[in-house]
Amino acid sequence: MIEALQSLLAYDFMRNALYASLLVGIVCGLVGTLVVLNRIVFLGGGIAHAAYGGIGLAYYFGQDPLLGAILFSILSALGMGVVHLRTKTRSDTLIGVMWSIGMAVGIIFVSLTPGFKADLMSYLFGSLLAVSAGDLRVMALVALLVGAFVAIFFRSLQAISYDETFSTVRNVPVSALYLLMLVMIGLTVVAAMRVVGLIMVIAMLTIPPAVAGLFLKDMKGMMLLSIGLSWLFSALGLLVSFTLNLQAGSVIILVAALSYLAAAGIKKLTTRPMA
Amino acid sequence: MAGQAVIELENVWAGYESDRVLEAVNFRMDAGDYVGLIGPNGGGKTTLIKVILGLIKPERGSVRVMGVSPEKGRQFIGYVPQILQTDKDFPIRVWDVVSMGRLKPSLLRNLFLKDEDKLIVERSLRQMDILDLAKKPINELSGGQRQRVTIARALAAEPKILLLDEPTASVDSRSSSQMYDLLAELNQTISILLISHDLTAISTYVKTIGCINRRLIYHGQKEITSEMLSIAYECPVDLVAHGLPHRVLPHHHEEDSYD
């Protein structure tokens with residue numbers, strides 16, 4: 001596999017694709033673990049899809065779609081976060097509504113914009129082989145921000161993820177940290193959008209931590225293994241997609257999903273039922 | 001050490017729009033007390049705990065914890081939730097759970113566990129006799145061990161009050177009687193409020209007992225009065241089963257109980 005990768009790396013676009021996978025792997029491993037442990041997968045999906053609204057608006061007004069996506073994903077993260085903190089049990093309905101509004105706004109403004117817009121599909125489904133140097137810079141910035149956020153606030157993040165009520169009783173600023181975490185999910189969505197697309201971001205966030213969670217018993221280990229698994233899935237997926245001439249993002253997701261099934265199977269076979 | 005109120009509720013009404021859970025609750029607990037409150041499920045036990053912890057605001061009435069608002073006073077409370085409230089498969093180790101007791105009210109003060117905090121965490125683990133489990137992930141523990149971890153976490157906060165919610169739920173009777181022995185020891189320095197539906201367990205160990213079912217009856221006595229019976233008539237089911245409808249057996253060992 002290493003040799004095959006080396007020969008591919010002779011191409012500029014392949015190098016960029018690999019760098020992008022590495023950066024997005026870091027971000028998704030860290031943030032994905034938080035998403036899975038906090039059971040906010042649906043919220044994560046909502047943020048990802050709502051971001052499309054920003055892309056549509058930016059297109060219509062002739063701005064950079066990336067900018068629109070950042071703005072919309074952060075705003076929807078905050079909006080959904082406030083809804084989630086206020087309503088708790090019924091928040092999924094409202095999040096579902098915001099999810100759809102974002103998509104609807106995006107689609108309407110895209111259709112209102114005259115001219116050729118084939119590359120809009122790339123935001124939905126990813127276009128790993130078309131990652132530019134500018135995209136890489138954005139991803140690197142996001143990786144830096146998310147990495148710093150998780151490293152600095154690790155203890156508090158672990159605490160609110162495990163037991164929000166106890167953290168509140170200790171007067172940890174739970175809501176502020178929670179919203180900050182959702183903003184990080186928003187940024188992650190933007191970074192991963194180029195690799196697997198908005199529609200499949202949620203798989204990149206959930207599958208590596210789900211595999212890691214089968215084998216590891218602490219949050220730090222789960223994050224590190226998730227990063228490693230993301231890298232592995234991306235590299236494998238990239239290789240397969242190039243060899244078979246298939247869309248890279250989708251192949252990466254399928255590689256990840258199959259690995260999850262295999263890992264779950266292995267786990268089931270190797271764990272004896274408790275006496 | 002008695003005399004100073006650690007928890008005070010005056011005419012507290014709380015609940016939800018259509019469903020009032022607490023009515024005209026008056027309650028006072030002093031330093032050194034060991035109070036057991038029993039009540040049926042749905043009788044307002046959880047709401048009472050949330051009101052004391054400042055997690056919900058009462059519609060009416062005042063709540064004081066260590067003489068201040070619950071939001072400020074709760075820093076002095078070692079809260080021991082039901083172990084069923086947390087995800088038992090969450091990937092976290094005993095040490096990390098217990099060190100949550102050292103969390104401070106600011107993100108920037110929680111970056112690292114300071115050496116003095118580590119000593120306190122270690123002491124709490126030793127107090128609950130689970131220092132050897134420090135490195136274990138919580139999903140490898142028994143119910144009794146997890147209960148000890150939860151109490152150790154509360155102790156790590158160096159509390160003036162220990163507030164326990166159904167501490168014997170999903171704990172076998174041997175480890176629950178051990179846990180009550182430990183609580184009796186802790187009560188020499190910490191005031192304890194224990195809330196449960198399990199009367200037999202509570203009545204054996206606490207100093208004073210009260211009843212909660214929408215209203216709260218508490219006179220700072222060990223006996224269950226007929227007044228409690230009439231207002232919280234669901235409470236004494238266990239009592240009646242023991243053939244002593246108006247009084248709790250003074251000495252009563254775990255081995256004799258039904259669970």
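Convention: sequence-line order gives letters A, B, ...; per-chain numbering from 1. Basis for what follows: all heavy atoms, side chains included, without hydrogens, waters or symmetry-related copies.
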Which atoms of [X] come close to chain A, meaning under 4.5 Å heavy atom to heavy atom: side chain ones, backbone ones, both, or neither?
X      : result
B:Y79  : both
B:E71  : backbone
B:I138 : side chain

Return yes if some donor-acceptor pair links the side-chain N/O of A:R155 with the main-chain N/O of B:M100 below 3.5 Å, else return no.
no

Say whether, by atom type as modelled, one donor and one acceptor occur between the side chain of A:N171 and the main chain of B:Q75 under 3.5 angstrom.
no

Output the distance between atom [atom1] ([X]) and atom [atom2] ([Y]), rounded to the nearest 0.5 Å.
X      : Y      : atom1 : atom2 : answer
A:T168 : B:L103 : OG1   : CG    : 10.5 Å
B:D96  : A:Q158 : CG    : CD    : 4.5 Å
B:L107 : A:L180 : CG    : CG    : 8.0 Å
B:R93  : A:M219 : CZ    : CE    : 13.0 Å
B:K104 : A:S156 : NZ    : OG    : 10.5 Å
A:D218 : B:W95  : CG    : CH2   : 14.5 Å

Among the listed options A:G213, A:S161, A:A176, the residue most often paired with chain B at heavy-atom distances under 4.5 Å:
A:S161

Of the backbone (N, CA, C, O) and the side chain (C-beta and beyond), which part of A:L216 lies under 4.5 Å from a heavy atom of chain B, both, or neither?
backbone

Structural part of A:F154 lying under 4.5 Å from a heavy atom of chain B
neither

So, B:R153 and A:D163, do they make that salt bridge, N to O below 4.0 Å?
yes

So for atom NZ, which belongs to B:K45, do other residues, nucleotides or ligands contribute more than 12 heavy atoms lying within a distance under 6.0 Å?
yes

Quick check: are there more than 12 heavy atoms from other residues, nucleotides or ligands sitting under 6.0 Å from CG of B:D129?
no

Is any side-chain heavy atom of B:P91 less than 4.5 Å from a side-chain heavy atom of A:L37?
yes

Start with the C-alpha gap between B:L111 and A:F153, add the side-chain angles, then the distance that decides, and say whether side chain to side chain contact (heavy atoms under 4.5 Å, CB included) holds.
CA-CA 6 Å; B:L111 307 189; A:F153 297 126; 4.2 Å; yes

Criterion side chain to side chain contact (heavy atoms under 4.5 Å, CB included) on B:I92 and A:K217, from CA distance to verdict:
CA-CA 6 Å; B:I92 189 167; A:K217 304 280 191 258; over 6 Å; no

Picking from B:P81, B:A154, B:G101, which has the most non-hydrogen pairs under 4.5 angstrom with chain A?
B:G101

